[in-house]
Amino acid sequence: MKDFPETLDFSYETQPVRVVFRPGASVSATPGEAAGLGLRRLLVVCGSRGEATARTVADALGDACVGLHAGARMHVPVEIVERAVEVARAAGADGCVAVGGGSAIGLGKAIALRTGLPLIAVPSTYAGSEMTPVWGLTEHGAKRTGRDPAVQPRSVVYDPDLTLSLPVDLSVTSGINALAHAVEALYAPDGSPLVSLMAQEGVRAMTGALPGIAVAPDDLDARARALYAAWLCGACLGATTMGLHHKLCHVLGGSFGLPHAETHTVILPYALAYNAPEAPHAVAALNRALDTDDAPRTLHDLARRLGAPGSLAELGVTEADLEVAALQAASQPYANPREVTADGILGVLRAAYEGHAPVS
Ligand code: NAD
C-alpha cells in the first residue's frame with residue numbers, strides 16, 4: 001500500500017520560519033538571526049532550570065540583549081505571562097528569544113500573542129512547539145489553546161549541544177512526544193504528501209536515535225539525529241490538525257495535572273491501535289518507517305525497552321478518573337479518522353491504564 005491515498009487532493013501552507021541547525025548554533029547563530037530580523041533589543045526568556053544555558057545565549061547576543069527573564073513555568077500560567085510582558089515592556093524589548101523546552105517557548109509565544117513582539121526559539125527538548133503557530137495559556141486551572149501566526153517563531157535555532165544535558169528519561173519521553181506529532185499528522189484531515197514524507201523521516205530518525213541516547217546520553221551524533229527528528233515532527237504538528245491522541249493528552253494534562261511528555265508516551269500506542277482500522281495508509285507508512293508490521297506494538301515495546309512509564313496507573317491515574325476523562329474527551333467534536341465515542345475512548349484509556357501490549 002502507498003503511504004498516501006491514490007487520489008492526490010491536498011493543500012499545504014508553508015510557515016514563514018527560518019531554521020538553523022548545527023552544534024553550537026545557540027551561541028554562534030542566534031546573534032545573526034536576531035540581526036537578520038532587524039532586532040536590537042531582545043529579552044531572553046527561560047525556565048529557572050534553564051537559566052545557565054539561556055545566559056550563554058544572552059551573553060552571545062551582547063548589547064542586543066536587554067534582559068534575561070527566568071520566569072517560565074509549566075502550562076504557561078497567565079500571571080506568569082503578565083509578569084513577563086511587564087518585564088519586556090519595561091526593558092523596551094523589540095523581540096524575544098525563548099531558550100528551553102516547550103514551557104519556555106510557550107512563554108515566548110504568550111508574550112508574542114500579547115505584544116506582537118517577534119520570537120526566536122532555541123529549543124532544548126524534542127516537544128516541537130517551536131515549529132507551530134499554536135499557543136497555550138492556563139487560567140483558573142483550565143488550559144486554552146489557539147492558533148495565531150503572530151506566535152510562530154520567525155527563526156528557530158537548533159543546537160544539539162543544548163540537548164546533551166537532557167536526562168535520558170526525559171529524552172525518551174520527549175522523543176516519543178515528537179513521534180506522536182508525526183503519527184497523527186499521517187492521518188490528519190489536512191495531511192499532504194510532503195507532511196507524510198517529513199513524518200516518516202521523523203519517525204525513522206527519532207526511533208533510530210533514542211536507543212543510542214539511552215546508552216550514551218553524550219553521543220552528539222545521536223543527539224543531533226533526535227533533534228533533527230524533533231524538527232521534522234514539529235513541522236508536521238505545525239502543518240496539520242491533531243486527533244484523538246493529542247486531545248486525550250490535553251485532557252489528561254489539563255484536568256489531572258499529568259506530565260506532558262510521559263502522558264504522550266503512555267497514550268500513543270493505544271490511540272494508534274484504536275485509529276489503525278480507519279487509517280490504513282498512515283499505518284502502512286508507519287510500519288515502513290519503523291520496519292515492522294505492527295506499529296502500535298513496536299512503539300509500545302520501544303518505550304518499555306527504553307525504561308519509559310508504561311501505564312496511566314504508573315502516572316498516578318485512578319480507575320475512577322478514566323470515565324471522567326473519557327466523557328471530557330468525547331464532549332467536543334474534533335478531527336479523527338475513527339469515530340470518537342465515550343465508550344471507544346474509555347477502551348483506549350482502560351488499555352493505557354493497564355499498560356498491556358496494544359491490540360490493533
Ligand atoms: P518543559 O519545557 O516543561 O521541560 C521539561 C523539564 O525539562 C523542565 O524542568 C526543563 O527545565 C527541563 N529541561 C528542558 N530542556 C533541558 C535540557 N536540555 N537539559 C536539562 N533539562 C532540560 O517540557 P517540554 O516537554 O519540552 O514541553 C511541554 C510543554 O510544551 C507543555 O506545556 C506543552 O503543552 C507545550 N507544547 C506546546 C506545543 C505547541 O505547539 N504549542 C507543542 C509541544 C509542546
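Since we're looking at a predicted model, the values are computed, not measured. When a ligand or atom number is given, it counts from 1 through the structure's own listing order.
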Derivation of the side chain to side chain donor-acceptor pair (under 3.5 Å) call for H246 and H181: CA-CA 8 Å; H246 280 74; H181 310 328; 2.9 Å; yes
Ligand 1-proximal atoms of T132, by part, heavy-atom distance under 4.0 Å: side chain
Side chain, backbone, both or neither: L170 near ligand 1, heavy atoms under 4.0 Å: side chain
Contact check, side chains of L252 and L312, non-hydrogen atoms, under 4.5 Å: yes
For [X], take its heavy atoms, then give the atoms of ligand 1 lying under 4.0 Å from any of them.
X	value
L237	40 (O), 42 (C)
G101	2 (O), 26 (O)
G102	2 (O), 24 (P), 26 (O), 27 (O), 29 (C), 30 (O)
R49	9 (O), 11 (O)
K109	39 (C), 40 (O), 41 (N)
S124	14 (C), 15 (N), 16 (C), 17 (C), 18 (N)
M74	3 (O)

Within-cut-off N or O pair, [X] and ligand 1, under 3.5 Å:
X	value
T163	no
P167	no
K143	yes
V134	yes
A261	no
H181	no

Carboxylate-amine/guanidinium proximity below 4.0 Å for R225 and D221: yes
Short N-O contact, E86 and R83, less than 4.0 angstrom: yes
Neighbour count >12 (heavy atoms, 6.0 Å) for atom CD, E323: no
Neighbour count above 12 (heavy atom, 6.0 Å) for R40 CZ: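 No, not enclosed.
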Those residues that, when tested against T263, pass side-chain hydrogen bond (donor to acceptor under 3.5 Å, both in side chains) (two or more places apart):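 Partners of T263 under the side-chain hydrogen bond (donor to acceptor under 3.5 Å, both in side chains) test: none.
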Any non-hydrogen protein atom less than 4.0 Å away from atom 10 (C) of ligand 1: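 So far as the 4.0 Å threshold goes, atom 10 (C) of ligand 1 is out of reach of every protein heavy atom.
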For atom 4 (O) of ligand 1, the protein heavy atom that lies nearest, with its residue and separation: T125 CG2, 4.4 Å
H75 and H260 aromatic centres sub-6.0 Å: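 No, too far apart.
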